[in-house]
Amino acid sequence: MSVGAGPTGRLAPSPTGAQHVGNARTYLLAWLSIRRAGGRVILRIEDIDSPRVKAWAVEQAIEDLQWLGLDWDEGPGQEMSSAPYVQTARLAHYRDALEQLKQANQIYPCTCSRADVAAAASAPHVGQEGPVYPGTCAHRTPADAEALTGQAFSWRFRTDSQTVSFVDLVAGQQPCQLATELGDFVICKQDGTPAYQLAVVHDDHTMGVTEVLRGDDLIPSTFRQLALYDFFGWQPPQFAHVPLVVGEDGRRLAKRHGDTRLQTLRSAGVSPETLVGYLAHSCGLQPDARPVAAADLIASFDLERLPRTALTLTAAEVARWMKAG
Ligand code: GLU
C-alpha cells in the first residue's frame with residue numbers, strides 16, 4: 001500500500017476477548033477510510049486493561065485482521081518511528097503525562113470505590129457511563145497523595161463547567177457539558193495503571209494519528225479525551241463514530257446473541273469475502289451482500305453512504321455465512 005501525505009489512522013484492538021463481527025465492521029471502515037485517502041494505518045494493541053486482558057487475544061486479533069484482508073504500515077513486528085505499538089510497553093510515556101497533570105493540579109487522588117460513587121450519586125442510573133462522580137475527593141490536591149499511605153486511590157481529572165463540542169464526521173455536532181453530564185473521570189487506576197483515556201490520547205498524539213474512526217459507544221469518552229487534548233495543548237484528530245452492530249433484541253452484540261467471533265467463522269470455513277460482502281452492503285458500499293475482498297472496496301469507499309443507525313445482525317444471517325462458506 002502506498003503511504004502518502006494523507007491521514008493517519010489506527011486499528012486499536014483491546015485483547016480483552018475475541019474480536020467479533022461488530023469489531024470487524026468498525027475495523028473495515030477505519031481501514032477503508034484511511035486507504036481511500038492514501039494515508040497511513042497503524043496497528044496498536046490496547047492491552048492496559050488488566051486483569052481483563054487475555055494472553056491469547058493479541059495474536060488472535062492480528063490473525064483476524066489479516067484474515068479480513070486489512071493491513072497496516074506500522075505495528076508490532078513492523079516497527080517504525082512510533083514504536084512500540086503495545087500499550088504495556090508505553091507505560092513510561094503515560095507516567096510522564098500523569099506527572100504534568102499533577103504539576104498543574106489538574107488531577108487529584110480519589111479514594112472512592114465504585115460502590116461509594118454509586119451510593120453517593122444523586123442520579124445513579126445514567127446509562128453505560130455510570131453515575132457522575134459526586135466530587136467527594138475533589139477538595140484534594142496532588143500533594144495530599146503522600147498522606148494516603150496504605151489507602152488505595154486512583155487519580156481523577158478535574159473537569160470544569162465549559163461545554164466541550166466537536167463535529168463528528170458521521171454523528172455530526174456533538175456538545176457536552178463535561179462537569180455535569182460526565183463528571184470528573186479516572187485517569188490512573190488504583191493499581192497505578194494509566195486509564196484508557198490517558199493512554200489513548202497520548203498514543204494518538206505521539207503516533208501522529210489524524211483520524212479516529214471507532215464505535216459510537218465511545219462518544220462520551222471523546223469528550224473526556226478532548227479535555228485532555230486541551231490540557232496538553234495538542235491538536236485533536238478528526239473523529240468519526242460509527243453505529244454499532246446489535247443483536248435481534250437491539251442490544252450491543254454479545255455472547256448472548258450466539259457466536260459471532262471471527263475466530264469461529266474462520267474455523268467454520270466462512271470466507272472473509274462472504275463476511276466483508278455482508279459488511280460492505282450494510283455500510284452502503286454495494287447494492288447487495290455479494291462476496292468481495294476488502295481491497296476491492298477502497299476505490300469507491302464513501303463514509304457518507306454509511307447508515308446512521310445501528311446494524312441488526314440476525315442469527316439467520318450468520319447461518320447463511322456458515323452455509324455459503
Ligand atoms: N481499544 C478500544 C476497543 O477495542 C478502541 C479504543 C479507541 O478506538 O479509541 O474498543
Side-chain angles (χ1 to χ4, degrees), residues 7-34 39 41-50 52-54 56-65 68 70 72 74-76 82 84-90 94 97 128-129 166 168-171 174 182 185-187 189 193-229 234 236-246 252-255 260-263 303 310:
T8 297
R10 75 316 193 261
L11 305 171
S14 292
T16 48
Q19 307 293 314
H20 55 62
V21 172
N23 303 118
R25 187 170 188 253
T26 306
Y27 295 138
L28 177 66
L29 288 165
W31 182 85
L32 284 171
S33 182
I34 297 297
V41 177
I42 296 175
L43 174 66
R44 183 171 74 223
I45 306 296
E46 305 210 319
D47 64 345
I48 50 167
D49 193 6
S50 60
R52 296 199 308 138
V53 167
K54 314 274 188 311
W56 49 265
V58 175
E59 207 46 49
Q60 192 178 89
I62 291 174
E63 284 166 15
D64 288 337
L65 291 167
L68 282 167
L70 312 186
W72 44 92
E74 295 182 41
S82 298
Y85 302 94
V86 178
Q87 287 188 328
T88 46
R90 301 176 65 81
Y94 313 141
Q128 284 197 343
E129 293 302 304
F166 68 100
D168 191 273
L169 274 182
V170 175
Q174 298 293 315
L182 295 172
F185 56 91
V186 173
I187 203 111
K189 295 190 266 183
T193 325
Y196 156 72
Q197 310 294 356
L198 179 61
V200 82
V201 166
H202 196 278
D203 288 348
D204 284 338
H205 171 70
T206 52
M207 293 181 173
V209 169
T210 59
E211 181 178 304
V212 168
L213 187 151
R214 59 189 175 194
D216 63 8
D217 55 327
L218 286 170
I219 289 180
S221 285
T222 300
F223 296 119
R224 299 180 177 109
Q225 291 167 20
L226 284 168
L228 285 169
Y229 279 103
W234 296 338
Q238 172 73 64
F239 291 102
H241 289 90
V242 301
L244 298 181
V245 179
V246 298
R252 189 208 296 219
L253 207 57
K255 279 191 189 134
T260 71
R261 289 175 297 176
L262 301 178
Q263 159 70 41
L303 199 53

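Given the structure is predicted, the values throughout are model-derived calculations rather than measurements. Just follow the structure's listing: the first ligand is 1, and inside any ligand the first atom is 1. By convention here, the first residue in the shown sequence is residue 1.
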*asked:* Using heavy-atom distances only, which candidate in Gly22, Ser14, Pro13 approaches atom 3 (C) of ligand 1 most closely?
replied: Ser14
*Do the rings of Phe166 and Phe239 sit parallel, tilted or perpendicular, given the 30° and 60° boundaries?*
perpendicular
*Would you mind running through ligand 1 and noting each atom that sits below 4.0 Å from a heavy atom of Ala12?*
1 (N), 2 (C), 3 (C), 4 (O), 5 (C)
*State, with a plain yes or no, whether a side-chain heavy atom of Leu68 is found less than 4.5 Å away from one of Trp31.*
no
*Taking side chain as C-beta onward, heavy atoms only, is Trp234 less than 4.5 Å from Asp204?*
no
*Show which atoms of ligand 1 fall inside a sub-4.0 Å distance from at least one heavy-atom site of Tyr196.*
6 (C), 7 (C), 9 (O)
*Short list, please: which atoms of ligand 1 are under 4.0 Å from a heavy atom of Val200?*
9 (O)
_Under 3.5 Å between any N/O of Glu46 and any N/O of ligand 1: does that happen in this structure?_
yes
*Would you call Tyr85 and Asp203 a side-chain contact if the rule is heavy atoms closer than 4.5 Å?*
no
_Tell me if the NZ atom of Lys255 is crowded by more than 12 foreign heavy atoms within 6.0 Å._
no
*How close does the nearest protein non-hydrogen atom get to atom 8 (O) of ligand 1, and which residue and atom is it?*
Arg10 NH1, 2.8 Å
*Arg214 heavy atoms, cut-off 4.0 Å: which ligand 1 atoms fall inside?*
7 (C), 8 (O), 9 (O)
*Can you find a pair of side-chain heavy atoms, one from Gln19 and one from Gln60, that are under 4.5 Å apart?*
no
